[in-house]
Amino acid sequence: MVSVAVTVQQTARPAPAKEVVSCSGRQTYHDDMAKILYTEAVISQRVAELGRQIAQDYQGKAPLVLGVLKGSFMFFSDLVRAIEPCPRGLTLDFIRASSYGSGTESTGEVKLKADLKLEKVEGRHVLLVEDIVDTALTITTVSRYLLEECGAASVATATLLDKHERRKLVYRPEYVGFLCPNEFVVGYGLDFNEEYRTIPYIGVLKPECYSHLGIEAPEPDGSGESSDE
């Protein structure tokens, strides 16, 4: 007979569950929307168009498609599958960059976390995939890092949304899904306070969704910005 001794380690008592608070008084995120800017169907059609164009432009270039986390995760996933016919040598990776905290305004300071091996980037044609480009602070910092520090052969950007009215630096993405109105938007990867990312469309929140967290709502003219650029 084989005797097996099992040691049970006592763990700390779990913390109480986080209280779920809905700004609309209901439990679904859909009820928090003031309006929808781009439906799931419209986004899907545009992503397919971008994928075909990128496939044509990068044939024979063995591109490195680099997703900028976290906001691009949904767009990135759909876009790379739409790149057909897929160029040989295409590889994927991710980089984390942000100029936002939990609010609606950029801090102006770009935080870049990169775990890329130099040999993965050096001499490669890199396509950055972003959810939104507005101030261009983040995307410019990432592009310079890849070119100057990592030795990329070229760096281009595919962004789902281009909010050019908010530019602080001159920058023109090579591939744009939609020209975004100057409003704070959520959904399809874009968040507010880490919520709303999984909504399959892009919309604008009701003002009370900001006020119940003690955060001032963006002005009607859209002075708020994305939380992920």
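Only heavy atoms go into these numbers, but all of them, side chains included; no hydrogens, no water, no symmetry mates. In this chain, residues are counted from 1 in sequence order.
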With side-chain contact (heavy atoms from CB on, under 4.5 Å) as the criterion, how do Tyr175 and Leu79 come out once you've worked through the C-alpha distance, each side chain's angles and the decisive distance to 0.1 Å?
CA-CA 11 Å; Tyr175 305 94; Leu79 181 64; over 6 Å; no

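Val204 is listed as a side-chain neighbour of Val185, based on a closest heavy-atom distance under 4.5 Å. Leu50 is listed as a side-chain neighbour of Phe75, based on a closest heavy-atom distance under 4.5 Å. Met33 is listed as a side-chain neighbour of Leu205, based on a closest heavy-atom distance under 4.5 Å. Under the 4.5 Å side-chain criterion, counting only non-hydrogen atoms from C-beta, Val42 is in contact with Phe178. Considering only heavy atoms from C-beta on, Leu190 stays 4.5 Å or farther from Leu160 through its side chain. The shortest distance between side-chain heavy atoms of Asp57 and Glu174 does not fall below 4.5 Å. Side-chain contact between Thr91 and Arg124: present, with at least one pair of heavy atoms (C-beta onward) separated by less than 4.5 Å. The closest side-chain heavy-atom distance from Phe76 to Leu69 is not below 4.5 Å.
Once rounded to the nearest 0.5 Å, the distance linking CD1 of Ile132 with CD1 of Ile139 reads 12.0 Å. Summarising the geometry, atom SG belonging to Cys150 is positioned 15.0 Å from atom CZ belonging to Arg144; distances are rounded to the nearest 0.5 Å. Here Leu92 contributes atom CG and Lys120 contributes atom NZ; the two are 9.0 Å apart, rounded to the nearest 0.5 Å. Taking CD of Gln53 as the start and OH of Tyr58 as the end, the distance is 11.0 Å to the nearest 0.5 Å. Put simply, OG1 on Thr141 and CG on Leu169 are 8.0 Å apart, with the number rounded to the nearest 0.5 Å. Taking CD1 of Ile202 as the start and OG1 of Thr39 as the end, the distance is 10.0 Å to the nearest 0.5 Å.
Residues Arg46 and Asp78 are not paired through a salt bridge, judged by the lack of any N-O separation under 4.0 Å between the basic side chain and the carboxylate.
Val176 and Leu66 fall into different hydrophobic clusters, where Ile, Leu, Val, Met, Phe, Trp and Tyr are joined by side-chain heavy atoms under 4.5 Å apart, directly or via other members.
A pairwise comparison of heavy atoms in Arg166 and Asn182 identifies CD-OD1, 3.0 Å as the closest pair. Of all heavy-atom pairs between Leu37 and Pro181, the closest is CD1-CG, 4.0 Å. The heavy-atom pair separating Thr198 from Met74 by the smallest distance is CA-CE, 3.8 Å. Taking both residues in full, the closest heavy atoms of Arg167 and Asp134 are given as NH1-O, 3.1 Å, listed atom of the first, atom of the second, then distance. The two atoms that bring Leu118 and Glu149 nearest to each other are CD1-O, 3.7 Å, heavy atoms only. The nearest pair of heavy atoms linking Ala55 to Pro87 is O-CG, 4.1 Å.
Relative to the ring axis of Phe73, Lys70 does not place its NZ or CZ within 45° and under 6.0 Å from the centre.
Aromatic ring centroids of Tyr38 and Tyr188 lie 6.0 Å or more apart.
A donor-acceptor distance shorter than 3.5 angstrom exists from the side chain of Gln59 to the backbone of Pro85, with no hydrogens or angles considered.
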